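Report on the following structure.
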Amino acid sequence: MGALVTLCPETGLQIETGIDTDPVSMELVPQFATECACPHCGGKHRVVKQDFYVCKLVDGVVRYFPAA
């Protein structure tokens, strides 16, 4: 399991969703679009499934796996 995250297009900083998942489970999720409030720039960003990553620790290294 890993954290489902996306990136702020303004700052490039990671936005955490509070959802734990894995890449295999995300493959089963249909395409979607949503809006998220950004804690970094204060804006709202429209994001689609392809904009999300599953962030997890692998052999002591943080890795990002595409959620789509």
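From a predicted model like this one, the values you see are computed outputs, not experimental measurements.
Atom-to-atom distance recorded for Asp20:CG and Cys55:SG is 10.5 Å, nearest 0.5 angstrom. The CG atom of Leu4 sits 10.5 Å away from the CG atom of Asp22 when rounded to the nearest 0.5 Å. With values rounded to the nearest 0.5 angstrom, Met1 atom CE is found 15.0 Å from Leu57 atom CG. Considering CG of Leu13 and NE2 of His40, their distance stands at 5.0 Å, rounded to 0.5 Å. Distance NZ/Lys44 to CD/Glu35: 5.0 Å, rounded to 0.5 Å.
The minimum heavy-atom distance between Gly2 and Lys56, with the atom names listed, is CA-CB, 4.0 Å. When all heavy atoms of Cys36 and Val47 are compared, the pair lying nearest together is SG-CG2, 4.4 Å. Contact record, Leu7 with Gln14: CD2-CA, 3.8 Å, taken as the closest heavy-atom pair. Heavy-atom minimum distance, Met26 versus Lys49: O-NZ, 2.9 Å. Scanning both residues, Val62 and Tyr64, for their nearest heavy atoms gives CG1-CE1, 3.8 Å.
Checked against side-chain contact (heavy atoms from CB on, under 4.5 Å), Pro23 has the following partners two or more places apart in sequence or in another chain: Val54, Phe65.
Looking at His45 and Ile15, their side chains come closer than 4.5 Å, going by heavy atoms from C-beta outward.
Ring pair Phe52/Phe32 is tilted by interplanar angle, where 30° to 60° counts as tilted.
The number of heavy atoms from other shown groups lying within 6.0 Å of CD (Glu16) does not exceed 12.
Remark: the backbone N or O of Val5 is not paired with any side-chain donor or acceptor of Thr17 at under 3.5 angstrom.
Note on Tyr53: it does not cluster hydrophobically with Ile19, by side-chain heavy-atom contacts below 4.5 Å among ILVMFWY residues.
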